[in-house]
Amino acid sequence: MAVYADRSEHEANQGDLFEKAPLECPFPPPLATPTVMVISHDCDCDKYLKPNTPLTESERHEWRVTVAIVHPISLLSGGRPKAVRQDEMPRYLLLPEEGASKEMVVDLWTVQPIRMAALLACERCASLSDEWRTRLWWKIIRLRLGANYKEILEGVLSDAT
């Protein structure tokens with residue numbers, strides 16, 4: 001199953017990676033001008049790109065979507081790379097090496113807003129395939145709901161949750 005797909009018919013969607021993003025809450029090097037992944041859902045992007053109700057100039061300027069930092073797995077220390085590869089850390093979504101793309105991780109603890117106009121000024125370097133976008137959704141759900149996320153979603157709550 002391919003990690004990446006051509007989604008160039010869209011300007012920006014959930015799962016798109018953009019290089020050198022100007023974050024509002026910057027990180028020190030080597031993440032100072034990072035690659036980021038759009039975490040906001042497609043409909044949030046479309047409300048800016050193809051609004052049903054026209055946006056004012058001020059609304060267009062202030063419109064934000066959420067992104068998370070993407071970085072090489074080699075920046076993780078200790079046993080983290082192994083744990084990420086075994087899907088034992090909800091914080092990270094592993095992006096396996098594919099073609100020219102190196103093995104990377106999406107750090108879901110770094111989610112933050114970015115102005116849509118600033119994001120669109122960056123170069124999109126990749127887009128997740130539909131299958132990997134679904135993996136992103138499940139990873140976000142798992143991170144937010146905890147280890148018993150499947151039971152919570154099924155409405156089977158135990159005393160442990």
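When a residue number appears, it is its place in the shown sequence, counting from 1. Here the structure is a predicted model, which is why all the values come from computation and not from measurement.
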**Item:** Summary of salt bridge (Lys or Arg N to Asp or Glu O under 4.0 Å) pairs that have at least one residue in residues 91-102, sequence neighbours excluded
**Value:** R91-D107
**Request:** Over all heavy atoms of both residues, which pair between W109 and L143 is shortest? Give the atoms and the distance, please.
**Result:** NE1-CD1, 3.6 Å
**Heavy atoms of other groups near Q86 CD, more than 12 under 6.0 Å** = yes
**Request:** Please tell me if the side chains of L31 and H71 come closer than 4.5 Å, counting only heavy atoms from C-beta onward.
**Result:** yes
**Asked** Got I39 and L136 here, is their nearest side-chain heavy-atom distance under 4.5 Å?
**Response** yes
**Prompt:** Does the side chain of L95 reach to within under 4.5 Å of the side chain of L128, using non-hydrogen atoms?
**Reply:** yes
**Request:** Run the salt-bridge test on D42 and R7 with the 4.0 Å N-O cut-off and return the result as yes or no.
**Result:** yes
**Request:** Kindly indicate whether a cation-pi arrangement holds for R60 with W63, taking the cut-offs as under 6.0 Å to the six-membered ring centre and within 45° of the axis.
**Result:** no
**Message:** Using a 3.5 Å distance criterion without hydrogens, assess whether the side chain of T110 forms a donor-acceptor pair with backbone atoms of I69.
**Reply:** yes
**Complete:** When rounded to the nearest 0.5 Å, the distance separating CG of L23 from OG1 of T33 is 9.0 Å
**Message:** Contact between F27 and Q112 at the side-chain level, heavy atoms closer than 4.5 Å - yes or no?
**Reply:** yes
**Complete:** Between C45 and V65 the two heavy atoms that sit nearest each other are SG-CG1, 4.3 Å
**Request:** Give a yes or no on this: more than 12 heavy atoms of other residues, nucleotides or ligands lie within 6.0 Å of atom CZ of R142.
**Result:** yes
**Asked** Between R85 and E103, is there a side-chain N and carboxylate O pair less than 4.0 Å apart?
**Response** yes
**Item:** Joint hydrophobic cluster, V67 plus L49, side-chain heavy atoms closer than 4.5 Å
**Value:** yes
**Message:** Measuring from atom OG of S8 to atom CG of N13, what distance do you get when rounded to the nearest 0.5 angstrom?
**Reply:** 11.0 Å
**From L17 atom CG to M37 atom CE, the distance as rounded to the nearest 0.5 Å** = 4.5 Å
**Item:** Over 12 foreign heavy atoms within 6.0 Å of CH2, W138
**Value:** no
**Complete:** In this structure, CZ of R133 is separated from OG of S129 (nearest 0.5 Å) by 9.5 Å
**Prompt:** Is a salt bridge present between R115 and E62, judged by a nitrogen-to-oxygen distance below 4.0 Å?
**Reply:** yes
**Message:** Check whether Y149 forms a cation-pi arrangement with R144 (NZ or CZ under 6.0 Å from the six-membered ring centre, at most 45° off the ring normal).
**Reply:** no
**Fill in**
Note: P54 and E59 closest approach over all heavy atoms is O-OE1, 4.2 Å
**Prompt:** Does the side chain of S101 come within less than 4.5 Å of C125's, by heavy atoms?
**Reply:** no
**Asked** Under 3.5 Å, side chain of K20 to main-chain N/O of C122, donor-acceptor pair present?
**Response** no
**Message:** With rounding to the nearest 0.5 angstrom, report the CD to CG distance, Q14 to D44.
**Reply:** 9.0 Å
**Side-chain (T66) to main-chain (V111) donor-acceptor, under 3.5 angstrom** = no
**Item:** Heavy-atom side-chain proximity of W132 to M1 below 4.5 angstrom
**Value:** yes
**Lys/Arg-Asp/Glu bridge criterion (N-O < 4.0 Å) met for E24, R64** = yes
**Asked** Is the closest side-chain heavy-atom distance between I140 and L93 below 4.5 Å?
**Response** no
**Prompt:** Taking C-beta and beyond as the side chain, do V70 and V105 meet within less than 4.5 Å on heavy atoms?
**Reply:** no
**Asked** For the atom pair CG (L108) and CE (M89), what is the distance rounded to the nearest 0.5 Å?
**Response** 11.5 Å
